[in-house]
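Note on naming: letters A, B, ... go to the chains in the order of the sequence lines (proteins, then strands), and numbering restarts at 1 for each one. Heavy atoms only: backbone and side chains are in, while hydrogens, waters and symmetry mates are out.
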Amino acid sequence: MNREVRVRFAPSPTGALHIGGVRTALYNYLFARKTNGKFLLRIEDTDQTRFVQGAENYIKEALDWLGISPDESPWNPGDCGPYRQSERKPMYMQYAMDLVEKGHAYYAFDTAEELDAMRERLTAARVVSPQYNSITRTQMKNSLTLPEDEVKARLASGEPYVIRIKIPRKEEVRLNDLIRGWVMVHSSTLDDKVLMKSDGMPTYHLANIVDDHLMGITHVIRGEEWLPSAPLHVLLYKYFGWEETMPEFAHLPLLLKPDGNGKLSKRDADKHGFPVFPMDWTDPNTGEKAMGFKEQGYLKEALINFLAFLGWNPGDHREMFTLEELVEAFSIERIGKSGTKFDINKAKWYNEQYLRAKSDSELAGYLMADLELEGIPIEADKAAQIAHIMKERATFPADLWKEGKFMLIAPSAFDETVASKKWNQDAVTVLNAYKEKLSVFSGGFNPETAKSLLEAAAEENGIKLGKVMQAVRLAATGVGAGPDLMAVFSIIGKDELAQRIGFALEKLSV
RNA sequence: GGUCCGUUCGUCUAGGGGUUAGGACGCAUCCCUUUCACGGAUGAAACACGGGUUCGAUUCCCGUAUCGACUACCA
């Protein structure tokens with residue numbers, strides 16, 4: 001089999017795309033690029049009741065933002081369209097009928113109440129797993145138990161029905177998962193899953209197999225939650241006679257909660273204050289809001305790198321990978337088997353790494369955007385200077401402004417603990433002298449001159465500069481910690497600095 | 001309950017019949033820095049348990065525990 005590799009990401013438009021889905025999309029993308037194959041996106045919207053307006057667009061936007069856009073999709077169709085299952089609706093019935101004719105599927109007329117009654121009966125009889133299967137179907141209303149005439153009559157009368165797969169009673173179903181190896185399940189534990197719903201829509205199981213076949217999918221890379229139904233899918237390929245081109249399966253380990261156990265959910269996000277969605281999202285029905293990595297200040301490079309390492313590693317000690325480098329290094333064999341707890345600290349660390357790697361001018365852009373919102377004017381050059389000295393201590397672009405505020409806004413209050421410890425007569429003396437020197441200084445004001453003036457102010461009064469440095473910082477910035485003070489002074493400018501010192505001298509008492 | 005899947009530092013993981021079990025995040029200490037941060041160095045920290053197989057098992061096999069997924073006319 002030397003077919004061109006074709007993989008797909010097949011989300012349901014039922015809300016914001018979960019970060020786990022983003023990872024699945026990423027792995028599909030990486031595999032496609034690595035093998036010079038195609039990455040397709042198919043919208044699985046067969047459940048009309050769960051359709052959410054805007055969800056599909058959200059998926060598109062999120063993948064576009066991260067730079068992992070599909071080669072074929074509803075908005076960029078290839079030769080295998082349509083790419084929305086709802087638009088493929090007319091295609092599925094014939095395949096279901098094919099199975100019925102071959103004796104691998106049958107009509108079932110049971111109502112929801114009858115199904116409930118059956119399950120209750122089974123539960124009461126202490127049957128281990130109440131399900132519609134090779135045993136119980138003999139007691140239900142379907143084309144296997146009803147006389148042929150009646151089946152025809154029911155169909156003709158327009159009575160609602162579903163089509164169920166007829167799972168064989170005794171058969172070992174095997175599949176070779178690329179990540180987990182051979183998985184074997186006995187057909188007796190499988191149930192007769194519904195293939196066609198009474199509304200004429202296929203279920204996931206049918207649509208998925210038909211579409212993957214029709215779209216020439218060679219590898220199914222999806223979440224581990226699908227592993228239990230994979231044997232059913234294998235059976236379907238067999239019954240359709242598509243075994244020769246059945247895709248290979250790779251079931252990805254799940255993303256877990258950072259604490260305790262269970263799947264990562266939006267609740268965890270809210271509880272810990274971190275996002276689990278790529279971008280902000282407001283549910284159009286409930287109005288419920290969810291925050292996104294993008295809006296929280298995560299850089300796409302960082303998110304990609306972080307996500308790639310959630311369940312995969314290159315086999316060596318490298319940690320930093322661009323998308324291109326990931327493509328180069330990626331292989332399904334190196335995907336782990338066990339669930340992965342979500343550690344937001346690692347994501348932050350990645351963000352810091354990528355933030356620091358950015359140029360001052362690019363970072364200045366973020367800062368200027370924030371400042372514009374605040375209504376504070378600033379020149380690009382000054383913004384770049386601030387970005388330069390702030391980027392070593394920022395996690396997110398917004399920190400440039402948040403943590404560097406004092407360079408643009410004079411302090412109105414002073415950190416009390418620092419003041420009580422460091423504000424003394426010597427500091428007042430030096431600051432007075434420094435202020436005086438600043439007011440008469442007419443040369444170029446830069447970190448060097450700022451420092452020599454300060455040194456002179458201290459020396460002339462016989463005071464060790466080190467002793468009053470903290471107080472000087474406090475006077476100029478209001479706080480006791482920050483970037484190199486002389487660089488800060490240079491950015492603040494001498495007049496503004498003198499003014500701030502004057503204010504501090506007034507406000508603080510020894 | 002049943003089926004399936006997994007189990008190496010707190011977390012992400014490398015490794016694999018004989019290793020001082022390696023790296024990263026986080027944490028701690030020290031250095032650098034007239035502060036903080038960055039950076040550098042150091043440190044604490046792991047093979048779930050019980051049986052086999054073997055000269056030897058963390059690594060292979062079996063069992064137990066435990067985690068998780070699935071168990072819908074949802075995907």
Name the nucleic acid region contacted by [X], choosing base, sugar-phosphate or nothing; use a 4.0 angstrom heavy-atom cut-off, strictly under.
| X | value |
| --- | --- |
| Ser198(A) | base |
| Asp110(A) | base |
| Arg126(A) | nothing |
| Pro231(A) | nothing |
| Arg318(A) | nothing |

Paired with Val52(A), the side-chain contact (heavy atoms from CB on, under 4.5 Å) test is passed by just one of Pro13(A), Ser12(A), Pro284(A), namely Pro284(A)
Euclidean distance, atom [atom1] of residue [X] to atom [atom2] of [N] [Å, nearest integer]:
| X | N | atom1 | atom2 | result |
| --- | --- | --- | --- | --- |
| Ile163(A) | A72(B) | CD1 | P | 20 Å |
| Asp212(A) | A75(B) | CG | P | 15 Å |
| Ile209(A) | A75(B) | CD1 | P | 12 Å |
| Asn351(A) | C25(B) | CG | P | 15 Å |
| Tyr354(A) | A24(B) | OH | P | 17 Å |
| Lys421(A) | U34(B) | NZ | P | 20 Å |

With sequence neighbours excluded, tell me which residues meet side chain to side chain donor-acceptor pair (under 3.5 Å) with Glu403(A).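 Testing Glu403(A) for side chain to side chain donor-acceptor pair (under 3.5 Å), a comparison that skips the adjacent residues, returns none.
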Can you list everything that forms a side chain to side chain donor-acceptor pair (under 3.5 Å) with Lys60(A)? Sequence neighbours excluded, please. Asp64(A)
By salt bridge (Lys or Arg N to Asp or Glu O under 4.0 Å), which residues pair with [X], not counting sequence neighbours?
| X | answer |
| --- | --- |
| Arg164(A) | none |
| Lys89(A) | none |
| Glu459(A) | none |
| Arg42(A) | Glu44(A), Asp211(A), Asp212(A) |

Taking the [atom1] atom of each, how far is [N] from [M], in whole Å?
| N | M | atom1 | answer |
| --- | --- | --- | --- |
| G1(B) | A14(B) | P | 31 Å |
| C47(B) | U58(B) | P | 10 Å |
| A44(B) | C62(B) | P | 37 Å |
| A45(B) | U11(B) | C1' | 12 Å |
| U8(B) | C74(B) | C1' | 37 Å |
| A21(B) | U33(B) | C1' | 37 Å |
| C4(B) | G26(B) | P | 41 Å |
| G6(B) | A48(B) | C1' | 12 Å |

Is the distance from OP1 or OP2 of [N] to the nearest side-chain N or O of [X] less than 4.0 Å?
| X | N | result |
| --- | --- | --- |
| Asn313(A) | U13(B) | no |
| Lys263(A) | C70(B) | yes |
| Lys422(A) | U34(B) | no |
| Arg334(A) | G15(B) | yes |

Please tell me which of Met469(A) and Val162(A) maps to the more 5' nucleotide of RNA chain B, matching each residue to the nucleotide holding its nearest heavy atom.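 With Met469(A) and Val162(A) compared, the 5'-side residue is Met469(A).
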Pro253(A) or Val185(A): which one's nearest nucleotide on RNA chain B is closer to the 5' end?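 Nearer the 5' end of the strand: Val185(A).
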Could you give me the CA-CA distance, side-chain angles and deciding distance for Asn313(A) and Arg334(A), then say whether side-chain hydrogen bond (donor to acceptor under 3.5 Å, both in side chains) is met? CA-CA 6 Å; Asn313(A) 75 82; Arg334(A) 295 209 66 86; 3.2 Å; yes
Identify all side-chain donor-acceptor contacts of residues 120-127 of chain A below 3.5 Å with residues at least two apart in sequence or on another chain.
residue	atom	partner	partner atom	Å
Thr123(A)	OG1	Arg119(A)	O	2.6

Looking at the side chain of [X], which of [options] is the nearest nucleotide?
| X | options | result |
| --- | --- | --- |
| Asn345(A) | C73(B), C25(B), C70(B) | C25(B) |
| Asp484(A) | U71(B), U35(B), A69(B) | U35(B) |
| Gln470(A) | C70(B), C73(B), U35(B) | U35(B) |
| His317(A) | A69(B), G23(B), C73(B) | G23(B) |

Intermediate values then yes/no, side-chain hydrogen bond (donor to acceptor under 3.5 Å, both in side chains), Thr429(A) and Asp426(A): CA-CA 5 Å; Thr429(A) 307; Asp426(A) 283 352; 5.1 Å; no
Anything under 3.5 Å between a donor and an acceptor, one on a side chain of residues 221-229 of chain A, the other on a protein residue two or more places apart or in another chain? List them.
residue	atom	partner	partner atom	Å
Arg222(A)	NH1	His251(A)	NE2	3.0
Arg222(A)	NH2	Tyr204(A)	OH	3.1
Arg222(A)	NH2	His233(A)	NE2	3.3
Ser229(A)	OG	Trp226(A)	O	3.2

Ordered by number, residues from residues 45-56 of chain A within less than 4.0 Å of RNA chain B (heavy atoms) are Thr46(A), Asp47(A), Arg50(A)
For C70(B), does the base pair up with any side-chain atom of Ser229(A) as donor and acceptor (N or O, under 3.5 Å, distance only)?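 Looking at the base of C70(B), it does not pair with any donor or acceptor on the side chain of Ser229(A) (distance under 3.5 Å).
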Identify all pairs in which a protein N or O lies below 3.5 Å from an N or O of nucleotides 45-50 of chain B, and state each distance.
none

Tabulated below should be each protein N or O lying under 3.5 Å from an N or O of nucleotides 5-12 of chain B; please produce it.
residue	atom	partner	partner atom	Å
C5(B)	O2'	Arg180(A)	NH1	2.7
C5(B)	O2'	Glu224(A)	OE2	3.0
C12(B)	OP1	Lys341(A)	N	3.0
C12(B)	O2'	Phe309(A)	O	3.1

Around atom NE2 of His104(A), are there more than 12 heavy atoms from other residues, nucleotides or ligands closer than 6.0 Å?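 More than 12 heavy atoms, drawn from other residues, nucleotides or ligands, come within 6.0 Å of this atom.
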Decide if atom NZ of Lys391(A) counts as having more than 12 heavy atoms of other residues, nucleotides or ligands within a radius under 6.0 Å. yes
Please list all pairs passing the salt bridge (charged side-chain N to carboxylate O under 4.0 Å, His left out) test where one or both residues lie in residues 303-316 of chain A, with sequence neighbours left out.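 Residue pairs passing salt bridge (charged side-chain N to carboxylate O under 4.0 Å, His left out), neighbours aside: Asp316(A)-Arg318(A).
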Here's a test for you: under ring pair (Phe, Tyr, Trp, His ring centres under 6.0 Å), which of Tyr354(A), Trp349(A), Phe342(A) qualifies with Phe306(A)? Phe342(A)
Look through every strand shown and name the nucleotide pairing with U53(B) as Watson-Crick or G-U wobble, where both distances are under 3.5 Å.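 Looking at the geometry, U53(B) pairs with no nucleotide.
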Who pairs with G43(B) - Watson-Crick or G-U, where each distance is under 3.5 Å: C27(B)
